[in-house]
4 protein chains.
Amino acid sequence: MSQVGRRSKKSWRAILDAAYGPLEEGGYQSVTMGGIAARAGVGRQTLYRWWPSRAAVVFEAFLDKVNAGPFPAGGDFTASLRAYAHGFIDLYVKGAGGARLRELIGAAQTDPDLARALTEQWFEPRRAPVREALREAQRAGVVRADVDPDTALDLVFAPLHYRLLVSGQPLDAAYADTVVDLCLQALRVPGDRGPGAAHR
Amino acid sequence: MSQVGRRSKKSWRAILDAAYGPLEEGGYQSVTMGGIAARAGVGRQTLYRWWPSRAAVVFEAFLDKVNAGPFPAGGDFTASLRAYAHGFIDLYVKGAGGARLRELIGAAQTDPDLARALTEQWFEPRRAPVREALREAQRAGVVRADVDPDTALDLVFAPLHYRLLVSGQPLDAAYADTVVDLCLQALRVPGDRGPGAAHR
Amino acid sequence: MSQVGRRSKKSWRAILDAAYGPLEEGGYQSVTMGGIAARAGVGRQTLYRWWPSRAAVVFEAFLDKVNAGPFPAGGDFTASLRAYAHGFIDLYVKGAGGARLRELIGAAQTDPDLARALTEQWFEPRRAPVREALREAQRAGVVRADVDPDTALDLVFAPLHYRLLVSGQPLDAAYADTVVDLCLQALRVPGDRGPGAAHR
Amino acid sequence: MSQVGRRSKKSWRAILDAAYGPLEEGGYQSVTMGGIAARAGVGRQTLYRWWPSRAAVVFEAFLDKVNAGPFPAGGDFTASLRAYAHGFIDLYVKGAGGARLRELIGAAQTDPDLARALTEQWFEPRRAPVREALREAQRAGVVRADVDPDTALDLVFAPLHYRLLVSGQPLDAAYADTVVDLCLQALRVPGDRGPGAAHR
DNA sequence: TTTTAATCGAGACGGTACGTCATGTCTTTGT
DNA sequence: ACAAAGACATGACGTACCGTCTCGATTAAAA
């Protein structure tokens with residue numbers, strides 16, 4: 001999925017644009033290889049030369065448009081967590097990215113290649129800095145150290161995606177804040193007032 | 001999706017069987033309306049007469065096979081939560097249901113009708129008894145009453161589905177137990193040792 | 001095709017009407033058994049009970065509407081011939097019958113039952129009186145007696161149908177008159193001035 | 001219906017063969033687009049790409065097989081006429097072409113495109129040389145000049161097609177000869193012994 | 001008058017063919 | 001040489017009718 005060989009820069013741009021346009025207009029189902037090729041003024045073979053499947057093209061187009069950079073991830077664990085949660089709401093709920101990501105995750109359920117690409121190129125880059133901040137907090141003793149970091153992170157990451165993909169219940173900043181608070185509560189060092197205490 | 005008119009019981013059975021068979025063998029993608037009809041010895045129109053889409057047939061077949069009844073849901077909130085979590089692992093991870101449900105949820109991302117059907121006929125019936133137990137616990141004062149029940153439930157429900165659908169990380173009984181414990185910790189009444197304390 | 005058994009007069013009427021209506025609106029192709037039944041407020045089985053095929057229903061509806069009676073056929077051979085020719089033009093070209101008959105003859109090319117019904121119930125009743133007049137003329141010696149009557153009649157009958165079905169060239173009263181004249185010329189007793197002489 | 005674009009010669013041959021085979025075996029009704037495609041080892045879309053309808057494919061297959069060339073058409077009007085009449089009998093009655101042409105003309109009654117194609121590519125090429133011979137004879141004064149050539153030709157062409165399509169009466173060489181003789185009689189210059197006199 | 005059996009409408013059923021769409025591969029053509 | 005254009009085989013889609021088959025409801029003759 002990366003640019004190699006004699007791949008023409010111009011065609012590459014045209015293809016990604018041609019793939020993302022219909023994605024926003026008609027959704028994932030409306031994007032077809034033939035349609036992308038025609039829109040991009042490109043032979044169909046060119047698509048198959050560089051991408052293994054429709055999902056791959058669409059995902060790269062999605063990355064290209066949406067990947068302005070991972071969510072801001074500085075400071076301590078609590079800040080990281082809040083930043084992630086608010087970034088999630090901004091991108092997926094307020095922005096147009098949510099519908100696209102939903103469809104891509106949907107397609108990934110029957111497309112292992114896409115699933116792997118999503119994990120490696122989308123989820124993990126966003127998860128890693130928060131995980132690092134968590135480990136730092138664990139080392140500093142401000143959150144429980146006896147919980148696997150990935151499990152702990154799921155307490156915040158999972159509810160956000162769950163409402164997006166599964167439950168369909170409201171997904172907004174208030175929910176994100178609540179979830180973060182509950183997570184911090186769960187990770188509180190026993191006997192302490194908790195890592196988020198100072199912020200309230 | 002319910003039996004109305006003079007729908008033939010025999011055909012209905014044959015269709016659901018014919019839809020679920022290939023589902024296990026080749027996955028959701030390999031199930032086609034024509035294939036179901038042929039396997040069931042049924043006219044194609046009969047499928048379209050009673051179901052609006054492939055997803056609807058497959059979902060009904062899934063319900064028919066897997067819906068042996070919701071997860072056991074008796075007792076107090078903690079027991080309910082553990083029962084749900086273990087039921088989830090048993091059905092989705094140890095059993096064959098997980099792959100099917102993943103594909104259905106995937107399809108639901110681009111099929112609002114299926115999404116609604118999943119929520120109403122699958123998720124909500126399993127969520128409701130646990131929610132009720134939670135409300136009871138809130139009234140009894142053993143868990144925090146200042147948290148929206150659905151948000152609280154998400155702390156357990158979401159991570160399970162998240163690992164199934166999104167992260168691909170290990171999903172086993174140990175993880176389920178940890179998640180339940182963290183949830184109880186988060187919902188602990190401040191100053192109390194928490195509802196799950198006696199169990200540890 | 002005749003009314004027998006418990007056949008309901010009311011349904012029979014409704015069916016013939018329901019069959020002829022769409023015939024005029026959308027042509028033979030647009031008439032379907034299901035459509036007729038629905039329009040007539042009749043069960044589909046009722047149609048199949050009384051008619052063997054769509055063609056049979058349509059033909060009976062055609063007869064019912066158009067069969068106001070054969071063309072007038074009195075007098076001598078010349079008058080008979082002219083009467084037939086003008087009747088043909090009036091019904092098939094000026095009236096709406098031509099399009100219907102064309103379609104029925106078209107269907108008859110692949111439907112022997114319809115072909116037989118057309119011959120027996122439509123063509124022959126119109127041909128017979130003219131043939132009889134011809135035989136009379138042959139006995140009276142005013143037209144050649146050494147020509148098979150059916151062959152002789154074809155000289156007029158055939159060109160009219162030919163233009164309707166095959167050549168698509170103009171088919172009007174002038175053409176009909178010319179054809180009749182040429183036929184009379186061909187059948188003239190050698191040495192005589194011909195049977196049509198007195199009329200010119 | 002003509003070969004344009006990059007139409008594959010091989011597929012084109014296979015399709016015409018595949019269309020004509022079932023035509024002879026089961027008649028026009030038994031020929032289906034799907035059947036042709038399967039027999040020809042060709043995608044269904046390829047048929048729809050190049051032909052607008054089943055009738056068009058079948059007609060082209062008919063032309064391809066039967067169109068060994070128009071009926072021989074040399075010499076004077078009388079010879080032309082006899083040649084046409086005998087060619088008609090040979091091809092349509094003795095050969096297998098008659099059944100095919102009947103069905104095609106039948107289909108043409110509800111298919112204007114096919115009707116036009118039949119006229120332009122089948123009937124007119126056969127009619128034109130005889131018409132030319134007739135005009136020559138009219139100029140030479142051996143047949144009546146006061147009759148429209150097309151009307152005159154109908155005296156022979158029409159009866160042959162009429163018996164084929166409509167009346168179902170015997171259609172053989174004797175009938176053809178009689179019809180030709182009667183036509184020549186009808187077209188005889190008044191007072192003359194007729195153009196065919198020398199041949200008898 | 002009541003029973004009873006044929007006939008009706010309605011429409012589900014297993015099928016066949018339709019014409020369209022998208023797929024992924026292969027071929028031609030122009031640059 | 002490469003890439004656009006697009007033809008190709010494949011196969012699923014959803015629709016339209018077909019002719020057969022149950023259903024109850026109606027209805028008209030037989031009891």
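Chain identifiers are assigned alphabetically (A, B, ...) following the order of the sequence lines, protein sequences preceding nucleic acid strands; residue numbering begins at 1 within each chain.
At a cut-off of 3.5 angstrom, the base of E:dA10 holds no donor-acceptor pair with the side chain of C:Q45. For E:dG24, its base sits under 3.5 Å from the side chain of A:R44 at one donor and acceptor pair at least.
Ranked by how close their nearest DNA chain E nucleotide is to the 5' end, C:G41 and B:A37 are led by C:G41. Residues C:Y48 and D:V42 both approach DNA chain F. Their nearest nucleotides, taken by heavy-atom distance, put D:V42 toward the 5′ side. Checking B:G34 against C:G34, the closest nucleotide of DNA chain F that is more toward the 5' end is the one next to B:G34.
An OP1 or OP2 oxygen of F:dA7 is reached within less than 4.0 angstrom by no side-chain nitrogen or oxygen of D:W50. Look at C:R49 and you'll find a side-chain N or O under 4.0 angstrom from OP1 or OP2 of E:dC8. Put simply, A:T46 has a side-chain N or O that comes within less than 4.0 Å of OP1 or OP2 on F:dA4. Taking only side-chain nitrogens and oxygens, C:T32 never comes nearer than 4.0 Å to OP1 or OP2 of F:dC17. A close approach under 4.0 Å does not occur between any side-chain nitrogen or oxygen of A:S53 and OP1 or OP2 of E:dG24. For the pair D:S8 and E:dT27, the criterion of a side-chain N or O lying under 4.0 Å from OP1 or OP2 is not met.
A:D113 places none of its side-chain heavy atoms less than 4.5 Å from the side chain of A:S53. Side-chain atoms of D:R102 and D:L165, non-hydrogen and from C-beta on, do get closer than 4.5 Å to each other.
For B:R7 and E:dC13, the CZ to P distance is 8 Å, given to the nearest whole Å. Between the P atom of F:dA3 and the NZ atom of A:K9 lies a distance of 16 Å, rounded to the nearest Å. Between the CZ atom of C:R54 and the P atom of F:dG19 there is a distance of 9 Å, given to the nearest Å. Between the C1' atom of E:dG9 and the CD1 atom of C:I15 lies a distance of 12 Å, rounded to the nearest Å. Across the protein-nucleic acid pair, C:L47 atom CG and E:dA10 atom C1' stand 14 Å apart, rounded to whole Å. If you take CE of A:M33 and P of F:dC8, they are 22 Å apart, rounded to a whole angstrom. For the pair B:Q29 CD and E:dA22 P, the computed distance is 16 Å after rounding to whole Å. The separation between C:I36 atom CD1 and F:dA16 atom C1' is 15 Å, rounded to whole Å.
The side chain to side chain contact (heavy atoms under 4.5 Å, CB included) test with C:Y20 singles out one residue from C:V31, C:V58, C:D64, C:V66, and that residue is C:V66.
Here the CG atom belonging to A:L63 is positioned 12.0 Å from the NZ atom belonging to A:K65, to the nearest 0.5 angstrom.
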Q: Dump the intermediate steps for side chain to side chain contact (heavy atoms under 4.5 Å, CB included) on B:V57 and B:M33, then the final yes or no.
A: CA-CA 9 Å; B:V57 191; B:M33 291 301 249; 4.1 Å; yes

